[in-house]
Amino acid sequence: MAQETTYPKRYKFKESQEKWIKYWKDEGIYKFDINAKGEIFSIDTPPPFVSGTLHLGHILNHSWIDFVARYNKMKGRNVYFPQGYDCHGLPVELAVEKKYGISQHQRDEFLEKCIEWVEQNINNMTKQYDDLGYSTDWDFTYRTMKDDYKFKIQWSLLYFYEKGWLYREKFPTHFCVNCETSVAKAEVGYYEEPGKLWYLKLPIVGREDEYITIATTRPEYMEACVGVFIHPNDERYYHLSAAEVEIPMTDRTVRIEMDRNVDMNFGTGIVYCCTYGDELDIKWKINYDLDEIQIFTEDGHMNENSIYQGMTILEAREQILKDLDERSLVEKIEDYEHRVVIHSERSSCRKPIEYLPVYQWFINVKDFTDEIIESGNIMNWYPEKHKQRLIDWCEGVDWNWVISRQRVFGTPIPFWYCKECNEIIPPRVEDLPLDPVKTPPPVDKCPKCKSKNLLGEKDVCDCWIDSSITPLAIAKWLEDDDFFEKTYMKAKVHRPQGYEIIRTWLFYTLFRCKKLTGKAPFYETMINGMVAGPDSRKMSKSFGNIVSPDEVMPEFGADAIRQWAAMGSLGDDYPFEYTWIELQTKQPVSEDKIKEEMEKLPEDKFNKKYRRRFEQLIGASRFLTKIWNAYRFLGLNLNKFEISDINIDKNLLSVIDNYFYSEFNKNLELITKYFDEYNWHEAFTIVRPFFWNEICDNYIEAIKYKFYLEEQETREWALKNALNLFYKMLTIFAIIMPFISEEIYSNMYKKFKNLKSIHLERWPTPYENISEELAEKGKFGIDIIKILRNYKSKHQIPLNQEITRVIILSDKNKHEIINDLKEDIKNTIRIKNLEIYEKNQEDKIKDKPDSKEIIDELGIIFYFSL
RNA sequence: AGGAGAGUCUCCUAGCAUAGUUAUGGAACUUCCCUUACGAGGAAGACUACGUCGGUUCAAAUCCGACCUCUCCUACCA
């Protein structure tokens with residue numbers, strides 16, 4: 001007697017997940033061995049920012065990445081699949097300030113706490129990855145905040161400096177003159193303030209007593225005015241084209257320019273550009289190559305470029321208005337609801353923000369966009385259409401990359417500079433990584449001006465500086481030459497990512513890696529879209545359409561959620577569907593009603609009354625149940641036998657086996673083709689119906705009767721053949737549903753296969769030498785079975801009820817086929833007496849039953865009697 | 001404001017460069033049957049969609065133009 005295995009009625013995904021996550025870890029199923037067989041295929045996965053939790057966008061993206069990893073492994077490649085974390089960023093600083101109540105000015109302690117906070121978040125996110133069934137090898141994880149990572153970053157910056165691509169220059173930034181610090185865009189807010197709009201007259205050069213009038217909320221910028229703009233379509237001002245105007249309180253004149261960015265409906269439709277008034281001013285300064293005249297100091301006073309030197313900005317405003325008024329240059333004053341940019345998000349400051357130029361570090365990318373396009377062109381794009389985003393972006397780049405951020409938690413920019421002459425002092429390679437704020441420069445005086453006033457840069461790097469060398473970091477660049485050679489230089493490197501960061505992550509990675517190694521980093525890229533809510537708008541709190549993975553994972557499990565991911569389409573946005581259900585009536589409730597109720601009811605009451613129904617996941621769970629039951633059925637029968645293998649013998653295949661094996665071959669070819677293109681959606685829409693409607697509904701139904709036969713050999717072969725086919729399907733399932741596949745494998749197949757895990761298995765091969773002639777016959781048999789089953793159904797006969805007598809009449813050439821399949825037809829449909837004749841024998845049949853059906857497309861006539 | 005991608009039935013999705021029967025395939029849905037691998041299964045069914053408006057054409061989801069909506073990006077949140 002075979003060893004008894006028990007087959008629980010339901011698949012318990014929770015226990016299964018827990019068990020296999022541990023097993024995979026203990027047994028090292030996903031370990032990467034660089035010396036293993038197969039071409040090395042590296043996956044440069046996106047390091048998520050360490051917010052502390054993965055969202056559904058990550059789930060979509062990383063499920064796909066896991067499909068890529070598992071599929072390529074099965075195809076025999078040696079897949080290198082690490083997963084790292086992007087640690088630096090303003091949100092970390094904000095969280096630490098809030099949680100520990102310390103400020104960035106207590107630098108050392110602050111940084112320590114940042115690291116602590118990040119580590120906690122990483123723990124949680126790592127668990128979420130494991131719960132998803134993510135097959136990364138955690139031995140190769142990385143963190144952008146670690147020294148080994150920083151070393152590579154700083155080394156690359158030094159290299160860029162030596163090549164002359166890295167430089168330091170003044171550039172405007174949001175600056176709080178109250179706190180005397182640069183602030184991030186995320187730290188500024190707006191608030192509405194009743195203010196004034198001043199209409200000021202600027203004299204036109206060479207035309208006596210002619211003026212143009214500009215409207216401004218910031219008259220104190222007048223002295224910094226370097227340009228005046230009007231809209232090219234503005235009919236009121238056609239006569240002003242190319243005119244010049246005088247700037248009051250200065251001895252300068254400026255040209256009037258036409259620009260489409262002007263808002264014709266604001267003020268007079270004429271706007272003055274004061275370098276750094278707002279973001280538009282900055283854009284104009286760059287596009288029109290305007291001078292910059294700085295009139296403010298970093299502590300909010302007027303500087304030496306202003307006749308109001310020493311006054312605060314507000315004092316200067318009052319004074320200049322008086323002075324302009326004296327010269328009759330103030331046309332009128334209006335009340336105006338003014339949107340003021342203030343320092344609101346991080347401090348209690350709430351004072352207005354100014355744009356001030358400070359020294360920033362730059363990397364020259366403008367001169368290398370052709371090279372980036374080339375690196376993009378040699379890659380395979382899935383889907384192709386998103387390549388255009390990269391090309392368009394490259395072609396439009398007209399400024400260089402500002403890499404410095406006035407933050408503290410980031411990779412230090414490893415340079416010093418001379419306070420007197422701004423000479424840059426680079427570090428020695430052997431001293432990297434370092435923090436120039438804490439480490440003295442390698443020289444004691446400026447090599448250019450001999451000054452001893454050398455300062456370490458306290459700015460840190462833009463996050464994209466960290467993340468745009470991930471392909472090098474994972475390949476142990478500068479660390480292990482052999483590893484680097486094998487996993488980068490000679491490997492196929494796959495880059496999966498969302499389309500929204502093509503212009504950042506992909507762009508900068510293509511640029512830097514090519515420059516640093518001479519080799520374009522990627523063999524191919526797979527692009528995912530954004531996850532939206534059911535209203536196909538992005539998930540956001542204000543729309544109330546957010547779903548968190550933590551909400552659905554415990555209810556449906558990873559295999560179901562991964563099926564949801566598999567149904568998304570390459571490169572397009574993908575909604576996460578749900579409908580609101582009223583719990584009592586179980587009826588769907590409209591979106592509007594829900595919104596109403598949400599506002600009306602307290603949260604707990606609302607939650608008791610309504611619930612979200614996740615249709616996609618319900619469908620996915622049903623499929624898992626179907627797989628589980630097919631397994632149970634085969635398993636229960638396997639319990640009755642002692643078989644030593646599930647190998648097949650071509651000569652012992654039944655006609656029906658032959659047909660389904662042939663169908664499997666055809667479907668496998670399609671599935672493989674779609675997987676090769678990373679088109680999960682199309683692949684899965686073949687896998688699911690093929691398994692469900694063909695293998696379960698037709699194949700298993702048609703061989704079922706054999707399991708109850710007396711004759712051992714037929715029983716055994718029927719089971720073996722079915723187990724063999726099911727196993728091939730299971731290896732395909734393993735990519736999308738790793739847990740249930742492993743569960744079934746371990747219970748039913750492990751004893752026949754010499755593998756610790758199905759995830760070490762190879763992609764299935766087609767059945768060889770399948771006779772198409774026999775397959776045709778099998779198809780014919782299945783068609784007949786379908787018609788008979790249909791007949792029963794139409795006449796409301798229970799499927800398991802026996803029919804007393806069925807007569808099948810066919811053309812001569814079909815007669816023999818039907819005869820061969822007699823047992824299959826008879827037993828599958830449960831017919832007591834099945835008689836088979838050629839059509840020309842119709843007259844000879846005795847006691848023909850009344851019920852008759854003619855099936856033209858099969859060339860068959862049926863008679864039935866219940 | 002600009003640039004890019006997208007809009008096909010209740011939901012996903014194919015098709016769209018070389019325009020051509022009745023627009024693909026899934027899920028969900030309804031009715032009947034069944035319940036001995038099946039919180040499952042079987043059979044039938046219907047409804048029925050190319051964002052809007054124009055144009056080119058014998059013929060447009062497909063080509064052209066305008067517009068609308070969504071999403072992403074546009075030098076300090078990733």
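Lettering follows sequence order; numbering is per chain, from 1.
Within the shown strands, nothing qualifies as a pairing partner of U22(B) under the Watson-Crick or G-U definition with both distances less than 3.5 Å. Searching all strands for a Watson-Crick or G-U wobble partner of U57(B) with both distances below 3.5 Å returns nothing. In this structure G39(B) sits in no base pair that meets the Watson-Crick or G-U test at under 3.5 Å. G45(B) and C29(B) make up a base pair, with Watson-Crick or G-U wobble contacts both under 3.5 Å. Nucleotide U74(B) is matched to A1(B) when pairs are restricted to Watson-Crick or G-U wobble geometry with both distances under 3.5 angstrom. Figure legend. C16(B) is base-paired to no nucleotide; pairs are counted as Watson-Crick or G-U wobble with both atom distances under 3.5 Å. Figure legend. A6(B) is base-paired to U69(B); pairs are counted as Watson-Crick or G-U wobble with both atom distances under 3.5 Å.
Among the heavy atoms of the strands lying under 4.0 Å from F633(A) is at least one base atom, whether or not backbone atoms are also near. Within 4.0 Å (heavy atoms only), D86(A) reaches sugar-phosphate atoms of the nucleic acid but no base atom. Using a 4.0 Å heavy-atom cutoff across all strands shown, E682(A) reaches sugar-phosphate atoms only and no base atom. R405(A) comes within 4.0 angstrom of a nucleotide base, judged by non-hydrogen atoms across all strands. Using a 4.0 Å heavy-atom criterion, one finds that E615(A) contacts no nucleic acid atom at all. In this structure, W361(A) reaches neither bases nor backbone, as no heavy-atom distance under 4.0 Å exists between it and the strands shown. R503(A) comes within 4.0 angstrom of a base, heavy atoms only.
Straight-line distance from the CD1 atom of I403(A) to the C1' atom of A75(B): 12 Å, rounded to whole Å. Spacing between atom OH of Y574(A) and atom C1' of A27(B) amounts to 10 Å, rounded to whole angstrom units. A straight line from CZ of R688(A) to P of G26(B) spans 11 Å, rounded to a whole angstrom. Straight-line distance from the CD1 atom of I785(A) to the C1' atom of A43(B): 16 Å, rounded to whole Å. One can place CD of E395(A) at 11 Å from P of A4(B), the figure rounded to the nearest angstrom. Nucleotide C76(B) holds its P atom 9 Å from the CZ atom of F171(A), rounded to whole Å. Residue F229(A) contributes atom CZ, which lies 20 Å from atom P of A1(B) at whole-angstrom precision. As rounded to whole Å, 18 Å separates atom P of C12(B) from atom CZ of F684(A).
G26(B) and A44(B) have their P atoms separated by 13 Å, with the value rounded to a whole Å. Across C33(B) and U52(B), the matching P atoms stand 42 Å from one another, rounded to whole Å. For A60(B) and G20(B), the C1' atoms lie 10 Å apart once the distance is rounded to whole Å. Separating the P atom of U24(B) from that of U10(B) is a span of 16 Å, rounded to the nearest Å. Taking atom C1' in both G51(B) and C70(B), the straight-line distance is 11 Å, to the nearest Å. Going from the C1' atom of U62(B) to that of C16(B) covers 4 Å, rounded to whole Å. A37(B) and A27(B) are spaced 23 Å apart, taking the C1' atom of each and rounding to whole Å. Only the C1' atoms considered, U18(B) is 12 Å distant from C63(B), to the nearest whole Å.
Using a 4.0 Å cut-off, some side-chain N or O of S569(A) falls inside it from OP1 or OP2 of U13(B). Taking only side-chain nitrogens and oxygens, W464(A) never comes nearer than 4.0 Å to OP1 or OP2 of C76(B). Taking 4.0 angstrom as the limit, K9(A) places none of its side-chain polar atoms (N or O) nearer than this to OP1 or OP2 of G39(B).
Between the side chain of R10(A) and the base of G39(B), a donor-acceptor pair under 3.5 Å is found. The base of C76(B) sits within donor-acceptor range of the side chain of Q406(A), with an N or O pair under 3.5 Å.
Note that CZ of R405(A) and OG1 of T411(A) are 12.5 Å apart. Values are rounded to the nearest 0.5 Å. Between the CZ atom in R715(A) and the CG atom in L709(A) there is a gap of 7.5 Å [rounded to 0.5 Å]. Here the OH atom belonging to Y574(A) is positioned 7.0 Å from the NE2 atom belonging to H681(A), to the nearest 0.5 angstrom.
Closest contact between the side chain of F362(A) and the listed nucleotides A75(B), C72(B), C77(B) involves A75(B). Here the side chain of W692(A) is nearest to one of G41(B), C12(B), A37(B), namely G41(B).
In this pair, H174(A) and Y355(A) present their aromatic rings tilted. The plane angle is within the 30 to 60° band. Below 30°, between 30° and 60°, or above 60°: for W692(A) and F623(A) the angle between ring planes is below 30°, a parallel geometry. By the 30° and 60° cut-offs, the orientation of the rings of Y508(A) relative to W401(A) is parallel.
Judged purely by atom type and a 3.5 angstrom limit, W117(A) has no side-chain atom pairing as donor or acceptor with the backbone of V96(A).
Electrostatic pairing of E663(A) and K666(A) counts as a salt bridge here, judged by a charged N lying under 4.0 Å from a carboxylate O.
Within residues 384-392 of chain A, the residues approached by RNA chain B to less than 4.0 Å at the level of any non-hydrogen atom are K385(A), R389(A), D392(A), in residue-number order.
Looking at residues two or more places apart in sequence or on another chain, you find no salt bridge (Lys or Arg N to Asp or Glu O under 4.0 Å) involving R389(A).
Judged by closest nucleotide on RNA chain B, R622(A) is the one of R622(A) and R830(A) placed further toward the 5' end. Each of Y499(A) and S467(A) was matched to the nucleotide of RNA chain B holding its nearest heavy atom; the match closer to the 5' end belongs to Y499(A).
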task: Any chance you could lay out the ring pair (Phe, Tyr, Trp, His ring centres under 6.0 Å) test for W505(A) and F507(A), step after step, and finish with the verdict?
output: CA-CA 6 Å; W505(A) 195 36; F507(A) 176 79; over 10 Å; no
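Proximity of I686(A) to E682(A): side-chain heavy atoms (C-beta onward) are nowhere separated by under 4.5 Å.
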